[in-house]
Structures are given as structure tokens and as C-alpha cells.
Amino acid sequence: MDDIAQSLRAELPLEGQLIAACISTPSTSESRARAIALAARDLDWERVASEAAGHHVIPPVHRFLAAECADRVPADIAARLRAGYVANALAHLRLARDLLAVHDALCSVGLGMLALKGPALAIQAYGDLAARQSGDLDILIRPGDLPRIGRILAERGYRSRRHQSSAPDFGFFRCFEDQFEKQGGVMIDLHLALVPIYFPFRPNHETVWRNAVAVELAGHRMQTLAPDDHLIFSIAHATKHGWAWASLRAMCDIAALTATGLVDWERGEWEMERLRCSRMLRLGALLAYAFAGAQVPAGVLARAVSDPHAMRLAREIASRFFPAPGLVPSVYSDWVVPVSAIEGWGKRARYLIDRGLRPTIEDWEALPLPRALYWMYYLTRPARLLLLHGPRFVQRGMEPAN
């Protein structure tokens with residue numbers, strides 16, 4: 001299996017190979033030797049720092065380089081990574097404080113919530129707030145609780161982007177999330193479901209709520225997804241985003257969750273088979289194993305390697321992890337990867353139709369219309385998507401960044 005990991009890593013530039021070696025979990029003598037050897041080569045260290053930031057893996061990259069390769073990293077790059085690490089640690093402390101405040105406010109009136117990703121996952125998977133990079137808070141709520149939760153957040157100084165008196169009919173748009181922002185930049189995404197309605201990942205939400213477990217933040221306990229559910233959610237969420245830029249963080253999450261010994265990959269595989277999302281899990285297993293050293297069970301990994309579609313997709317994704325400087329991924333990540341990871345032409349067609357034609361909250365934000373004219377969004381949405389993505393469809397690989 002090591003040959004598979006090496007062949008996938010070979011698709012990366014040297015800077016990407018170094019980052020992958022730095023984030024591998026657990027760090028073995030072999031992985032340390034590989035990273036040290038890569039650090040001694042003629043690297044573009046500016047690119048190493050910028051890619052680590054873009055993929056949201058500054059904590060593991062900084063920690064490894066500072067401990068193993070301090071004499072090889074240029075002083076300005078080392079200082080930049082250290083500053084990013086410290087800034088993230090402080091930001092996570094603030095996020096954890098705000099998350100606890102919201103949690104306590106909701107619990108005081110009998111409202112439930114599940115913390116997704118962010119500080120809760122940092123504690124659950126890594127055991128350390130500073131070990132994971134996050135920029136906002138994600139909370140899963142029950143849709144019927146949104147009006148009350150919106151009012152509570154407003155009382156605490158959060159401003160809603162969507163749920164307000166002039167907001168649209170969420171029932172028509174089948175909104176996936178609402179966003180609240182506090183002065184100073186703290187953003188909370190209130191998720192009404194784990195993934196958008198158009199994406200074919202449909203876990204039973206009541207089962208997810210029943211499976212929830214508690215994590216401890218600053219002496220307070222709050223509910224988050226069970227490790228098994230966080231594992232398959234991390235895979236589905238990254239697949240939805242096409243395993244594009246910032247996806248190395250998702251691979252680190254998968255590796256860290258696996259290292260806790262609390263996840264059952266076989267059960268996760270069974271669950272994804274039940275949901276008819278097996279290819280997503282196989283793809284996630286391949287990528288997390290190859291680039292973050294996830295200790296995927298041999299049987300699960302063997303089945304992933306034997307899936308030619310998953311292997312082909314993993315190679316194509318790897319070749320686009322680190323676009324050349326000045327370039328950004330094309331529409332490949334936004335559309336091709338999710339479609340390719342979906343099994344069955346019927347489900348793919350439903351995904352394209354739902355995502356391409358079903359009006360979303362973003363359509364309302366781009367063109368607010370009164371309720372009587374909502375039907376027009378079925379006409380304006382294709383035009384908006386064409387304007388948004390059209391130029392990228394003609395790009396074969398990459399396009400210049402703005």
C-alpha cells in the first residue's frame with residue numbers, strides 16, 4: 001500500500017510533498033526522514049508557507065518544521081509560520097469562548113445544538129485547540145428552532161445575513177444554512193442539515209442527534225457529532241467541495257479521528273454503502289491515507305485501491321492540490337469531482353438538475369424578489385450559474401487568479 005501513497009504523492013510539486021510529509025500522522029522515523037530530506041532540497045519556501053495557509057494546515061506544518069528542520073527553514077518563513085500558528089491558537093480560544101456562550105444561551109431555554117468541526121473537532125480528534133486551523137463556527141440545529149435561535153443570537157450582538165424580517169421563504173429555497181456575524185469578525189454558520197439538499201449524502205438526522213457525544217471545552221461540556229459521524233461527515237463535506245484547496249485539513253481531520261481509536265471504519269463503510277455513497281468513502285480513505293498518513297484498516301484500503309474509479313479520481317485530485325503560483329483550480333473541483341464521486345447515472349443526473357436548477361438562497365441574495373415572483377428564480381438561476389462558472393468551463397485545467 002505504501003506504493004499507492006508514494007505514487008499519489010508523486011503528483012505533487014516538491015513543496016506539496018514536503019507539506020504532506022509534515023502533516024502525516026503518526027509521524028514515523030521514515031516520514032520524518034522523508035520530510036527532512038525534502039527540506040534540504042531547493043524549495044520555494046514562500047510557496048510552502050502560502051500553501052500551508054491556503055490548505056489550513058499551518059499548525060502541523062509549523063510544529064514539524066520547528067521540531068525537525070529548524071536549521072533548514074529560512075528565518076522569515078519560520079517566523080511567518082510561527083506567527084500564523086500563534087494567531088490561530090488565539091483565534092481558536094476566542095472561537096471556543098463564543099461557542100460556549102452560544103451553547104449556554106441555547107441550553108438555558110431548552111434548545112439543542114451540535115457543534116460541527118471547529119473547536120469541538122479540535123478537542124475530539126486532536127486533543128488540543130491549537131492543533132487545528134479554523135476561521136468560524138459551525139453549528140447544527142433543528143430547522144424548526146431557527147427563529148428562536150436567531151432571536152437569541154441577535155440579543156447577543158450577532159447580525160443575521162438571512163433570517164430577518166425581509167428574508168425569503170426558507171421553505172421555498174430549502175436553505176442549507178444561515179449565517180450570523182458579530183462585530184469583530186466572528187461568524188457562525190447555523191446548519192439546518194449536514195449537507196445541501198442537492199447532495200446525495202442522506203444520514204438519518206435523528207440518528208445523528210441520538211449518537212451525539214460530549215466534548216469538554218474550558219471545563220464545559222457540549223454536544224458534537226459522534227466520532228464515526230464526524231468521520232463520514234468530513235469525507236462527504238470535502239467531497240461536496242471537490243477536495244480542492246483547503247482539503248488537506250480534512251485529510252488531517254480524518255487521520256486524527258482515526259488515531260484516537262474511537263472510529264470504526266468498517267461501520268463507516270457499511271453506513272456509506274447503505275447511503276449508496278461508497279465511492280466517497282473509498283476516495284476519502286485513499287486521500288487521507290496517502291497525504292495525511294491516516295491508519296485506514298487494510299480491508300477498507302484494499303477495497304478502495306481495487307476501485308478503479310476512486311483511484312483515477314484520487315490521482316486527478318492530487319495533480320490539482322497545488323496549482324502553479326498565480327493559478328487557481330478550474331471548475332473541475334466545483335463540479336467534476338462531486339459528480340464523479342456520485343455512484344450511478346441517475347443520482348448524478350438528479351445532482352446536476354437539483355444543483356443547476358433548484359433555486360437557492362444565493363439566488364435571492366443576488367436578486368431579491370417578492371414571494372409572488374419566486375417562480376422566476378427557475379429562469380434566473382441557470383443564467384446566474386452561467387455567468388458565475390461559464391468562463392471556467394472552457395478551461396482545461398487552471399485559470400489565472402484574480
Side-chain angles (χ1 to χ4, degrees), residues 95 98-121 136-182 186-215 217 220-226 228-230 232-234 236-237 240 271 275 350 354-355 358-365 368-372 374-375 377:
L95 288 173
D98 287 358
L99 181 61
L100 285 170
V102 171
H103 172 264
D104 291 347
L106 298 186
C107 287
S108 68
V109 294
L111 293 173
M113 56 158 275
L114 298 183
L116 303 177
K117 304 182 289 183
L121 182 55
D136 57 11
L137 295 173
D138 294 270
I139 297 173
L140 180 67
I141 66 170
R142 290 185 169 88
D145 292 339
L146 177 59
R148 292 179 66 192
I149 293 176
R151 287 193 293 270
I152 291 172
L153 290 178
E155 292 169 358
R156 302 192 65 85
Y158 288 90
R159 180 179 57 84
S160 172
R161 284 187 56 192
R162 293 168 179 171
H163 188 77
Q164 51 194 335
S165 59
S166 61
D169 178 356
F170 278 17
F172 176 84
F173 291 99
R174 304 182 77 174
C175 183
F176 166 56
E177 64 183 37
D178 198 0
Q179 295 177 327
F180 291 77
E181 186 173 10
K182 194 174 186 179
V186 177
M187 179 78 76
I188 295 180
D189 288 341
L190 289 183
H191 294 256
L192 309 182
L194 285 176
V195 296
I197 190 66
Y198 60 76
F199 196 70
F201 172 67
R202 294 281 179 276
N204 184 290
H205 278 209
E206 287 308 311
T207 301
V208 168
W209 281 85
R210 285 197 303 270
N211 290 343
V213 298
V215 294
L217 284 176
H220 296 257
R221 293 170 67 82
M222 70 171 54
Q223 296 294 102
T224 186
L225 297 181
D228 284 342
D229 289 334
H230 240 146
I232 62 174
F233 167 66
S234 296
H237 182 76
K240 175 176 72 75
E271 177 67 10
L275 298 173
R350 285 194 295 273
D354 273 358
R355 188 178 175 189
R358 185 187 297 275
T360 67
I361 200 74
E362 288 79 11
D363 296 311
W364 176 83
E365 291 175 333
L369 293 175
R371 182 70 178 84
Y374 277 5
W375 61 269
Y377 286 120

Atom pair [atom1] ([X]) and [atom2] ([Y]), whose distance is rounded to the nearest 0.5 Å:
X: Asp178; Y: Leu190; atom1: CG; atom2: CG; answer: 6.0 Å
X: Ile139; Y: Ile141; atom1: CD1; atom2: CD1; answer: 8.5 Å
X: Leu146; Y: Leu192; atom1: CG; atom2: CG; answer: 5.5 Å
X: Thr360; Y: Asp354; atom1: OG1; atom2: CG; answer: 12.0 Å
X: Ile232; Y: Glu271; atom1: CD1; atom2: CD; answer: 5.0 Å
X: Asp136; Y: Phe180; atom1: CG; atom2: CZ; answer: 14.0 Å

* To do: Could you pull out the closest heavy-atom pair between Asp189 and Gln179, with the gap in Å?
  => OD1-CG, 3.1 Å
* At their closest point, which heavy atom of Pro147 faces which heavy atom of Pro143, and how far apart are they? -> CD-O, 4.2 Å
Side chain proximity check, [X] to [Y], heavy atoms < 4.5 angstrom:
X: Leu217; Y: Pro119; result: yes
X: Lys240; Y: Phe201; result: no
X: Thr224; Y: Leu121; result: no
X: Arg221; Y: His103; result: no

Could you list the donor-acceptor pairs under 3.5 angstrom formed between side-chain atoms of residues 152-159 and any protein atom two or more places apart in sequence or on another chain?
none

* Go through Val208 and Leu225 one step at a time and tell me if the side-chain contact (heavy atoms from CB on, under 4.5 Å) criterion holds. => CA-CA 7 Å; Val208 168; Leu225 297 181; 3.4 Å; yes
Please list every donor-acceptor pair under 3.5 Å in which a side-chain atom of residues 106-117 meets a protein atom from a residue at least two apart or in another chain.
{"unit_1": "Ser108", "atom_1": "OG", "unit_2": "Ala105", "atom_2": "O", "d": "2.7"}
{"unit_1": "Lys117", "atom_1": "NZ", "unit_2": "His237", "atom_2": "NE2", "d": "3.4"}

